[in-house]
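Naming: A, B, ... by sequence-line order, numbering from 1 per chain. Since we're looking at a predicted model, the values are computed, not measured. What you see below is based on every heavy atom in this structure, not just the backbone, and it leaves out hydrogens, waters and symmetry mates.
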Number of protein chains: 4
Amino acid sequence: MAWKMNDTEPIYLQLIEKIQMDIVSGRCKPGDKLPSVRDLAVDAAVNPNTMQKALSELERSGLVFSQRTSGRFITDDSAMIANARKNLAVEEIRLFFSRMQQLGYNENETLELLQNVLKEGA
Amino acid sequence: MAWKMNDTEPIYLQLIEKIQMDIVSGRCKPGDKLPSVRDLAVDAAVNPNTMQKALSELERSGLVFSQRTSGRFITDDSAMIANARKNLAVEEIRLFFSRMQQLGYNENETLELLQNVLKEGA
Amino acid sequence: MAWKMNDTEPIYLQLIEKIQMDIVSGRCKPGDKLPSVRDLAVDAAVNPNTMQKALSELERSGLVFSQRTSGRFITDDSAMIANARKNLAVEEIRLFFSRMQQLGYNENETLELLQNVLKEGA
Amino acid sequence: MAWKMNDTEPIYLQLIEKIQMDIVSGRCKPGDKLPSVRDLAVDAAVNPNTMQKALSELERSGLVFSQRTSGRFITDDSAMIANARKNLAVEEIRLFFSRMQQLGYNENETLELLQNVLKEGA
DNA sequence: GTGGTCTAGACCACC
DNA sequence: GTGGTCTAGACCACA
């Protein structure tokens, strides 16, 4: 796996985000079987417990479910995935506005500049 | 100063970003005198050489200038500051669209969702 | 057999409860012949002596009786079975009220909430 | 602390139930400070991690909240506590009916017997 | 082999 | 001192 690690944010949260992205972006399909906790942990170079914690939270949020003996699966409820995707997007938008506000752009100014960027292409 | 450090991005770039933000957001005013390199470095808990490199870059971009005898100052050219601010904002917008694209939102879908978020308050 | 064992309660009492349930719930019919002590003990993974003790108690209470030559049988006295069933139920009710009291519900409050639960479906 | 341990149910769930009871029954008052994770763990003779897990879940359910440096507290939202208490009671009622059903009592028969037990006092 | 639980012991940030 | 995170390694039930 080996993606960028941020040393300030807890690892298990980063794992959650990563797996969420894999799911909502469609890299993993609904109903797909996930590798075992141990394999995922080895892959991410973290302790199995840490991976377990991440997966448990994902299970709580409904994005994955586990069958004790046969493994862990991505939910086949597309609506739930779509919903998670939207929530992430909304959160991204909120962060965006917050960062723009730090630069002194209010909502209207932000929208205006955003339109300009789009028009000017690339 | 003491802000969160990211271990992936070069430190001097992080310093530049931080100081840029202080300038364009108005936390530091045009014409303000900056502390000495040494003090800034101590404050940021970095090597003076690293801070020096950051300040040199800022000088090259025109946001700060140094007077050999009296120290280093923030430019009093408001247009230049405004310009820097806009560049940062445009960069922020680009990153935003890129992240939304990772979530599977194209430009129009992004705009639509963005309008919704604004309408629904927050 | 193989049911969950509780390590705090004496095993023979757990065996009694289990067999009582089998009888009063009708899983074993009045007059049915029971397997041998040995078989029952193997089935429950307990020492034959322990099973013997349980069966003796059940015999004392009248739920089972033994015929020296042909084995051990469940009583065919339906009234006795019905009585045992009622005793278990009453005990269950007492425990229920005791638990509700621990939650701070007196008898009337318990009855009220119980009616609500029944009304709202289940 | 030293209360009865059940070896089949996960320890952290038993811890949750125990603490829940302490809260909803009023043994601990709203706003009360809880002992530190370590102390609670020693008290319950479990690993700090296990106690931490229990407390985290209680925090998720809203019954307790934590302040990073000063400790953990019982919520001062009485309505939330009352709500938790009711949920536990409803769950108790459901289990009661389920056990009565195993004894062959339907809802009406259960209610009838229950009234009788109450009338006969004791 | 799977998910899940548990322990022992470490380290961190915060105040 | 607090809560929180993380690792290493063990054990269990299930099928």
Taking 4.0 Å as the cut-off, does a side-chain nitrogen or oxygen of [X] come that near to OP1 or OP2 on [N]?
X	N	result
Thr50(A)	dT5(F)	no
Tyr12(A)	dT5(F)	yes
Ser36(D)	dT2(F)	yes
Lys53(A)	dT5(F)	yes
Ser66(D)	dG4(F)	yes

Please report, rounded to the nearest Å, how far the [atom2] atom of [N] is from the [atom1] atom of [X].
X	N	atom1	atom2	value
Gln67(D)	dA13(E)	CD	C1'	16 Å
Asp39(D)	dT2(F)	CG	C1'	11 Å
Gln52(A)	dC6(E)	CD	P	12 Å
Leu40(A)	dG3(E)	CG	P	8 Å
Glu9(A)	dT5(F)	CD	P	11 Å
Phe65(A)	dG3(E)	CZ	C1'	13 Å
Met51(D)	dT5(E)	CE	P	16 Å
Leu34(D)	dG1(F)	CG	P	19 Å

Item to check | Side chain of Val37(A) (C-beta onward), nearest among dC11(E), dT5(F), dG3(E) | outcome: dG3(E)
Checklist entry - So which nucleotide from dT7(E), dT5(E), dT7(F) ends up closest to the side chain of Asn47(D)? => result dT7(E)
Checklist entry - Between the base of dG9(E) and the side chain of Asn49(D), is there any donor-acceptor pair under 3.5 Å? => result yes
Checklist entry - Per the atom types in the model, does the base of dG4(E) pair as donor or acceptor with the side chain of Arg72(A) at under 3.5 Å? => result no
Checklist outcome for this item: Result for 5'-nearest mapping on DNA chain F, choosing between Thr69(A) and Pro48(A), is Pro48(A)
Checklist entry - Tell me the ring-ring contact (aromatic ring centres under 6.0 Å, His included) pairs involving residues 47-75 of chain D, sequence neighbours left out? => result Phe65(D)-Phe73(D)
Item to check | Pairwise ring-ring contact (aromatic ring centres under 6.0 Å, His included) hits with a residue in residues 33-56 of chain D, at least two apart | outcome: none
Item to check | Involving DNA chain E, stems made of at least three consecutive Watson-Crick or G-U pairs, both distances under 3.5 Å | outcome: E:1-14 with F:1-14
Checklist entry - Considering residues at least two apart in sequence or located in another chain, which fulfil the side chain to side chain contact (heavy atoms under 4.5 Å, CB included) criterion with Glu57(B)? => result Tyr12(B), Ile16(B), Arg60(B)
Residues, nucleotides or ligands: over 12 heavy atoms within 6.0 Å of [X] [atom1]:
X	atom1	answer
Arg38(B)	CZ	no
Lys29(D)	NZ	no
Gln101(D)	CD	no

Next on the checklist: Phe97(D): which residues meet the ring pair (Phe, Tyr, Trp, His ring centres under 6.0 Å) condition with it, sequence neighbours left out?
Outcome noted: none
Checklist entry - Can you name the residues that form a side chain to side chain donor-acceptor pair (under 3.5 Å) with Arg85(A), not counting sequence neighbours? => result none
